[in-house]
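Written below as structure tokens is the structure these notes are about.
First the proteins, then the strands, lettered A, B, ... as listed; each starts at 1. It should be emphasised that the depicted structure is a prediction, and the values quoted were computed from it without experimental measurement. Below, all heavy atoms of this structure are taken into account, side chains as well, without hydrogens, waters or symmetry copies.
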Amino acid sequence: MLDHGIKRTKIKELLLTGEVDREVVAKGWVRTKRESKNVIFITLNDGSTMHNLQVVVEPETIARDILDRIHTGAGLSVRGILIESPGAGQRVELKANDIILYGEADPEEYPLQPKKHSLEFLREKAHLRFRTNTFGAVTRVRHVMIFAIHKFFNDKGFYNIHSPIITGSDAEGAGEMFRVTILDPVKPPLNEKGEVDYSEDFFGKPTNLTVSGQLEAELAALAMSDVYTFGPTFRAENSNTSRHLAEFWMIEPEMAFYDIHDDMDLAEEMLKYLVKYSLDHCREDLDFLAKRLEDEEKNKKQEERSSMGLIEKLEFVLNNDFERITYTQAIDILMNSKPNKQKKFQFVIEKWGADMQSEHERYLVEKHFKKPVIITDYPREIKAFYMKQNADGKTVRAMDVLFPQIGEIIGGSQREEVLEKLRQRIREMHIPEETLWWYLETRKFGTVPHAGFGLGFERLMLFITGMGNIRDVIPFPRAPLNAEF
RNA sequence: UCCCCGAUAGCUCAGCUGGUUAGAGCGACUGACUGUUAAUCAGUAGGUCCCUGGUUCGAGUCCAGGUCGGGGAGCCA
């Protein structure tokens, strides 16, 4: 678009290069306007950076009618000369010669006024919250993390696999699924028994949205060696927490010839890579989010305040090895812990085999080790059918990576590659074997040891940005009773 | 799904043991002033006190049910 006869330059570039005394065009949305007799200041943002461009207008140069209609939220194009700023606070500013007002924003109605808004309020305005500093920063960081994930795997020779979003198998066992159907919900076709006849449905059988791409990733890994998926994942659980979504994005690498230790090494290397990448490429946005978090912490009671700032927390993860312990060791630590002995835990650990609650995970990560912890070799009874069974007959080669505040950020395992052991586990868990025939054939033909894990992308985003609610790190969160926008 | 808390102006909130015209700050608007930085100062407008029912002479306030939101738990990533 050449509305002013000159190509538009993004604000990030205008501020970065700082080449003054040249004619440029900037486009964006008004954050604030300050008006006085001899000069008007318009603060413009176009999403390319946290920072705003200060547009300076001498009232007589621009039609009064236009100036009166510019308010917070309006969309404009400004042609002018980029000059050194005489004022403090910015190096350069744009002295306007011409302004095109694309769209007004009636200040009586526009919800985002130049003041602090609560995240809860902004969640209800998800269509406009991209225009706020906080959500703009989160959006930029989110993009950089998506890119870094692909770069990490690409540099290591992994292949990205698009696993299916609609699936005919409900054997993954990772949670409640969303049904996909074109049948009439009021009058579905029925069979002789009076049940819904899915042979009449689009796929000729019941289908759902995927809860995991892992099983398909395994198929690919058992030919391509190293693969990963990065796609949307759907869980129809009635989860109402700040850490769960009904629709989220998951990264699932799957590697042939990896054992559980290789798997852990990769998980740790990847998390550190992503943290470092964010510090190297999103520093301004992270500094802003750190400041935001700090201000928020000031309103908290002393004992609830976190001991580290956002940047320190990220650097801490980067500079320390994750603690690796077995489930058995974890249970020992917990059973001998003060809160357990004094019955301070809501769920007191009494014996080996108990499932760990988040209070226990939090104790290990935040109190005992004070750093990320990887727990391995869980009792087989509390883990999925596909996990590699240990020789002790009691445990499986699972690993969970636990992070402060968010808890489980990664769940993974070495996979059971021995056909008979896998079959036996499937039967014990009453999973219909025939629905997994294709999965089992990879163990029948050229099976090899392999491993993988799942990283919840929005959980990573929580950690990187320091945001407290998962609904604020994804543009349009889907959660129970919430599918607006 | 369970436990706890909340819903009052556009936003964030105050409103005592029920009492007559429901308040503040911010934002918006108007004016003054100013190379300003979420400017400053003065003024103006703005309310179905979430919904339904109940108790009462009288309900923003008390009770019951519901809806929505937040925190925690479970499920998990």
Side-chain angles (χ1 to χ4, degrees), chain A residues 30-43 45 51-58 68 71-73 83 85-90 93 95 105-125 132-133 172-176 211-214 232-252 267 299-300 304 345-347 355-362 382-384 400-403 406-412 453-463 468-472 474 479-482 484:
Chain A
V30 175
R31 286 293 173 81
T32 59
K33 184 177 81 167
R34 292 177 294 279
E35 193 156 353
S36 66
K37 199 173 283 173
N38 306 316
V39 64
I40 300 167
F41 298 100
I42 298 168
T43 306
N45 187 282
H51 299 292
N52 304 315
L53 178 68
Q54 171 156 285
V55 175
V56 186
V57 184
E58 286 173 0
D68 284 346
H71 298 280
T72 298
I83 57 168
S85 178
Q90 61 281 316
E93 62 188 25
K95 192 168 174 357
D106 182 350
E108 297 282 2
E109 286 183 67
Y110 186 60
L112 303 183
Q113 294 304 334
K115 56 161 287 175
K116 253 203 164 58
H117 289 294
S118 67
L119 294 170
E120 291 84 1
F121 172 73
L122 292 174
R123 229 169 272 156
E124 291 169 11
K125 311 281 176 214
T132 63
N133 284 333
E172 286 148 357
E176 292 296 311
V211 292
S212 163
Q214 180 200 315
T233 309
F234 307 88
R235 305 268 167 97
E237 304 285 349
N238 193 8
S239 298
N240 290 291
T241 80
S242 55
R243 302 181 310 282
H244 290 85
L245 290 166
E247 177 185 291
F248 63 100
W249 291 72
M250 188 153 64
I251 299 109
E252 295 179 287
N299 298 324
K300 286 187 185 167
E304 287 169 12
F345 283 139
Q346 202 187 331
F347 298 91
D355 209 348
M356 268 182 262
Q357 312 290 322
S358 55
E359 59 179 341
H360 307 128
E361 296 178 348
R362 200 168 296 153
I382 58 175
K383 288 288 176 185
D400 285 359
V401 181
L402 309 179
F403 261 36
I406 31 186
E408 189 179 340
I409 195 168
I410 280 180
F453 61 82
L455 166 67
F457 182 60
E458 283 75 19
R459 295 233 174 130
L460 172 77
M461 282 295 297
L462 282 179
F463 184 74
N469 192 312
I470 202 161
R471 297 175 195 206
D472 297 324
I474 186 169
L481 299 173
N482 197 337
E484 194 68 55

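Residue Asp400(A) contributes atom CG, which lies 12 Å from atom P of C75(B) at whole-angstrom precision. Between the CE atom of Met356(A) and the P atom of C75(B) there is a distance of 12 Å, rounded to whole Å.
Dashed line: the shortest gap from a side-chain N or O of Gln357(A) to OP1 or OP2 of A73(B) is not under 4.0 Å. An OP1 or OP2 oxygen of A73(B) is reached within less than 4.0 angstrom by a side-chain nitrogen or oxygen of Arg243(A). Thr233(A) has no side-chain polar atom (N or O) that falls below the 4.0 Å cut-off from OP1 or OP2 of A77(B). OP1 or OP2 of G74(B) lies within a sub-4.0 Å distance of a side-chain N or O belonging to Ser358(A). The shortest distance between the side-chain N/O atoms of Arg31(A) and the OP1/OP2 oxygens of U36(B) is not below 4.0 Å.
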Could you go over nucleotides 68-70 of chain B and give all protein N or O partners under 3.5 Å, atom names and distances?
unit_1, atom_1, unit_2, atom_2, d
G70(B), OP1, Arg123(A), NH1, 2.5

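You won't find any donor-acceptor pair under 3.5 Å spanning the side chain of Ser239(A) and the base of C76(B), going by distance alone. Between the side chain of His117(A) and the base of C11(B), no donor-acceptor pair under 3.5 Å is found.
Consecutive pairing runs in RNA chain B reach the stem threshold at B:1-7 with B:67-73, B:10-13 with B:23-26, B:28-32 with B:40-44, B:50-54 with B:62-66, where a stem means at least three Watson-Crick or G-U wobble pairs with distances under 3.5 Å.
Residue Glu361(A) is out of contact with every strand shown, counting any heavy-atom pair closer than 4.0 Å.
For His360(A) (side chain) and Phe347(A) (main-chain N/O), a donor-acceptor pair under 3.5 Å exists by modelled atom type. Put simply, the side chain of Gln113(A) never gets that close to the backbone of Thr72(A): no donor and acceptor are under 3.5 Å apart. Checked by atom type and distance alone, the side chain of Thr241(A) pairs as donor or acceptor with a backbone atom of Arg243(A) at under 3.5 Å.
Across C33(B) and G6(B), the matching P atoms stand 49 Å from one another, rounded to whole Å. Of the P atoms belonging to U40(B) and G70(B), the separation is 32 Å, rounded to the nearest Å.
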Spell out protein contact along nucleotides 37-46 of chain B as letters: B when the base is contacted, S when just the sugar-phosphate is, - when no protein heavy atom is under 4.0 Å; keep the 5' to 3' order.
BBS-------
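With a 4.5 Å cut-off on side-chain heavy atoms, Leu245(A) and Glu458(A) count as touching.
Of the inter-residue distances, the one linking Leu119(A) atom CG with Asp472(A) atom CG reads 4.5 Å to the nearest 0.5 angstrom.
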